[in-house]
Amino acid sequence: MAFGILYDFLNGQSIDAYKYFGAHFEKKGEESGVTFRLYAPMASDVSVIGDWNGWDVGANKLSKIDDSGTWEIFIPGLTNYQSYKFHFRNAKGEYVDKADPFAFYSELRPETCSRLFDIENFIWHDEKWLSCRNRNFDNAMSIYEIHLGSWKGKIGDRFPSYEEVADYLIPYLKENGFTHVEIMPITQYPFDGSWGYQATGFYSVDSRYGNPMQLMSFVDRMHEAGFGVILDFAPVHFANDKFALREFDGTCLFEYGDEEHTFSQWGSCLFDLGKDPVRSFLMSAMNYFLDYFHFDGIRCDAVSNILYWDGDKSKGENVGATEFIKRLNGKIHYAHPSVMMIAEDSTDFQGVTRPTEYGGLGFDYKWDLGWMNDTLKYYSKDPIYKKWEHNQITFSFAYFWSENFLLPLSHDEVVHGKGTLINKMYGDYETKFALLRNLYVYQFAHPGKKLNFMGNELASFDEWNEEKSLPWNLLTFPKHDSIRRLVRDLNLIYQAEDAMRFEEYNPAHFEWTMVNNADQSVFAFERSANDSDLLFVFNMTGNYYENYDVGVLHEGEWEELFNSDKDVYGGRNQYNGLPLTSSPNGPEGKPHHVTIKLGSFAALILKRKTKKDEPVKPINKKTTTRRKTTKRR
């Protein structure tokens with residue numbers, strides 16, 4: 001097996017290199033100890049130094065076991081948590097001390113050593129969850145994005161542990177109707193302000209919150225409670241600290257060797273994704289977290305910087321990097337058919353979520369950053385001018401069906417002077433809250449999976465700060481707590497209604513009923529599947545309409561399922577109480593219409609009451625844009 005892993009690693013085909021390289025507890029003969037293996041082709045005079053040998057560079061010399069540059073030693077009698085580094089002469093003739101690239105655990109910053117940890121034999125309790133897990137194409141998926149250190153904040157002067165976060169997070173997710181949690185990167189990183197996106201240890205669980213088994217416990221408990229867990233992972237770049245991957249063996253082993261591409265726009269080093277060992281290193285790192293930690297998905301950060309040189313389309317496609325992505329997604333889906341691969345991609349690159357066997361990149365979902373940008377710009381406009389920007393709210397449907405999009409309102413939108421979501425809304429205090437309510441209804445009404453950053457539900461006016469807890473005291477104020485209740489109710493409706501989750505990437509289940517009314521800035525659409533037929537209506541100005549005609553596709557009675565203007569959400573209570581009966585002929589050529597009360601800045605969801613003898617509208621499998629059973633190889 002060892003030769004096979006090494007062969008695949010060198011050829012860029014390995015997703016389990018962590019089983020070979022790094023530090024592994026094992027037994028040889030009668031002795032128990034640790035086998036260290038290091039890949040450093042241009043190194044010489046290699047030793048492992050640690051607290052067991054007093055950091056003596058001559059005590060534990062590694063032997064070069066093959067021509068590829070693999071070094072190895074077995075040391076008996078070692079135990080968990082002992083610190084170590086590799087000491088060797090690099091290609092420049094300099095002696096350096098380097099952290100283990102495959103270490104499973106590391107010292108807490110500012111210390112930089114790797115630490116021994118036996119990752120075997122955790123007792124899992126999530127068999128039922130894993131047996132039913134799938135990629136959620138027909139399921140509700142409302143993701144709560146979280147930064148573990150600042151959700152509840154520090155406990156005294158220390159970070160909370162993975163288990164301590166779970167103690168509070170599980171009941172909160174249950175209470176508010178989320179289905180998944182996405183944790184920002186927890187691979188070891190030195191600078192708190194990077195939020196984990198500039199890592200030094202890509203197999204090393206972030207020691208701020210505990211050890212690997214504590215993270216396993218976190219995921220296990222989430223699964224037992226019925227929540228999926230997605231890991232945010234940064235495969236584009238790494239921190240440029242000299243103790244880690246940078247110029248590892250005196251050469252650019254992990255990064256690009258040419259000056260033009262060595263460093264990213266963030267000052268970090270760019271992974272050379274055209275190198276086969278680098279491909280194996282990163283594919284194996286992601287698979288490690290799926291294999292040993294049972295994560296349900298990987299969100300790949302900054303995919304635009306993988307697809308194009310420097311993320312700039314004008315500089316051309318990085319073909320070596322796109323080949324890496326195809327290989328990654330193909331191999332991960334083959335090994336884990338029920339795991340989701342998600343691209344954070346701001347480009348118009350075609351086929352991001354198309355299966356690899358049909359020429360695509362093979363992701364399951366792609367963040368719709370165009371939707372996010374257009375939508376937030378539109379909601380910031382003075383209503384007087386919205387009629388001139390009407391296409392910003394309708395344009396996403398012109399391209400939406402081309403990919404499996406996920407609608408993000410993520411951490412990137414509430415930092416670095418951008419203002420929080422409520423600050424981005426137009427108007428005075430009351431108007432901002434009304435528009436924020438409208439925005440969340442629009443996000444849930446729009447086809448596509450949902451993602452909200454922690455605290456979006458609190459309607460905070462203060463930007464997120466990784467050094468502080470979320471402002472939970474806001475929930476003592478009715479205006480803010482009403483936003484949390486609104487998000488909860490939208491989550492519950494999303495899970496309950498077939499029209500909002502079944503085949504949502506199939507345009508056969510969507511139709512505009514009012515799309516051209518730019519003058520009044522009112523728009524409406526229907527979504528239907530099975531016996532769920534929903535009408536969504538949005539008033540984007542402060543005008544109030546006592547009787548407003550909205551076209552519908554079917555006659556019958558319509559009941560108001562949700563209204564953002566109800567007083568329980570902080571609105572003025574301009575809602576439709578009794579069922580509404582349709583009448584013939586509607587605006588924009590629709591066969592029927594309903595006359596509704598439409599509050600200022602209100603967003604409504606109405607459901608048609610189907611008759612017992614009425615045939616339901618089945619899911620149209622022939623026109624679906626995604627094959628749930630697509631087999632990947």
Side-chain angles (χ1 to χ4, degrees), residues 371 374-375 378 383 386-402 438 441-442 444-448 497-500 502-541 543-563 576 579-611 614-620 622-625:
W371 170 87
D374 287 347
T375 298
Y378 182 83
K386 279 184 176 175
K387 66 179 180 180
W388 308 113
E389 307 291 343
H390 194 65
N391 67 307
Q392 285 187 331
I393 208 70
T394 61
F395 177 65
S396 62
F397 293 96
Y399 65 81
F400 178 81
W401 318 109
S402 65
N438 188 304
V441 181
Y442 176 54
F444 277 83
H446 196 298
E497 292 296 330
D498 289 356
M500 294 177 70
F502 282 146
E503 295 287 350
E504 59 187 313
Y505 299 103
N506 184 349
H509 303 297
F510 173 91
E511 187 160 347
W512 285 108
T513 60
M514 183 175 288
V515 66
N516 297 317
N517 192 359
D519 286 340
Q520 291 181 312
S521 297
V522 175
F523 64 95
F525 50 81
E526 273 191 53
R527 295 178 64 187
S528 59
N530 295 326
D531 62 351
S532 177
D533 191 358
L534 302 181
L535 173 67
F536 303 89
V537 186
F538 298 86
N539 180 8
M540 306 308 296
T541 74
N543 295 329
Y544 166 73
Y545 304 95
E546 183 67 28
N547 296 289
Y548 194 90
D549 291 346
V550 180
V552 293
L553 305 177
H554 305 94
E555 65 177 337
E557 283 193 334
W558 293 78
E559 292 182 311
E560 188 175 79
L561 197 63
F562 183 92
N563 192 320
N576 300 275
L580 307 170
T581 302
S582 67
S583 302
N585 303 317
E588 301 190 16
K590 296 302 177 282
H592 310 279
H593 76 272
V594 290
T595 302
I596 64 173
K597 181 187 292 185
L598 186 57
S600 62
F601 299 112
L604 285 63
I605 306 175
L606 293 94
K607 182 174 183 178
R608 186 170 67 92
K609 296 175 67 176
T610 56
K611 300 175 183 178
E614 179 182 345
V616 300
K617 184 173 183 179
I619 294 174
N620 188 349
K622 291 185 179 179
T623 58
T624 181
T625 57

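If you read the sequence from its start, that first residue is 1, and numbering goes on from there.
Pairing each heavy atom of W371 with each of T375, the nearest pair is O-OG1, 2.7 Å. When all heavy atoms of F525 and A445 are compared, the closest pair comes out as CE1-O, 3.6 Å. The minimum heavy-atom distance between N438 and A602, with the atom names listed, is ND2-O, 3.5 Å. Between G551 and T513, the closest heavy-atom pair is O-CB, 3.1 Å. Taking both residues in full, the closest heavy atoms of V441 and F562 are given as CG2-CE2, 3.4 Å, listed atom of the first, atom of the second, then distance. Counting all heavy atoms, side chain and backbone alike, H554 lies closest to H592 at C-CD2, 3.6 Å.
For the atom pair NZ of K609 and CH2 of W558, the computed distance is 13.0 Å after rounding to the nearest 0.5 Å. Residue K386 holds its NZ atom at 4.5 Å from CE of M540, rounded to the nearest 0.5 Å.
In this structure, the side chain of D533 does not engage the main chain of S528 through any donor-acceptor pair within 3.5 Å. H593 places a side-chain N or O within donor-acceptor distance of the main-chain N or O of N585, the cut-off being under 3.5 Å. In this structure, the side chain of E588 engages the main chain of N516 through a donor-acceptor pair within 3.5 Å. When atom types are taken as modelled, the side chain of N539 and the backbone of N543 share a donor-acceptor pair closer than 3.5 angstrom. In terms of modelled atom types and a separation under 3.5 Å, the side chain of R527 and the main chain of L534 share no donor-acceptor contact.
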K590/L553 under side chain to side chain contact (heavy atoms under 4.5 Å, CB included): CA gap, chis, key distance, verdict: CA-CA 6 Å; K590 296 302 177 282; L553 305 177; 3.8 Å; yes
Please assess V594 against L535 for the test side chain to side chain contact (heavy atoms under 4.5 Å, CB included), listing each intermediate value before the final yes or no. CA-CA 10 Å; V594 290; L535 173 67; 4.1 Å; yes
Would you please test E497 and I605 for side chain to side chain contact (heavy atoms under 4.5 Å, CB included) and show each step? CA-CA 11 Å; E497 292 296 330; I605 306 175; over 6 Å; no
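Below 30°, between 30° and 60°, or above 60°: for Y442 and F523 the angle between ring planes is above 60°, a perpendicular geometry.
A heavy-atom distance below 4.5 Å is not found between the side chains of P587 and Y548.
Screening D549, T581, N547 for a side-chain hydrogen bond (donor to acceptor under 3.5 Å, both in side chains) involving T595 leaves a single residue, D549. If you run side-chain hydrogen bond (donor to acceptor under 3.5 Å, both in side chains) between N576 and each of E560, K597, E559, only E560 comes through.
Taking the six-membered ring for Trp, H446 and F536 have ring centres at least 6.0 Å apart. In this structure, the ring of W401 has its center no less than 6.0 angstrom from the ring center of Y399. Close placement of the F400 and Y505 rings is indicated, their centers lying within 6.0 Å of each other.
Salt bridge E526/R608: absent, no basic N to carboxylate O contact under 4.0 Å.
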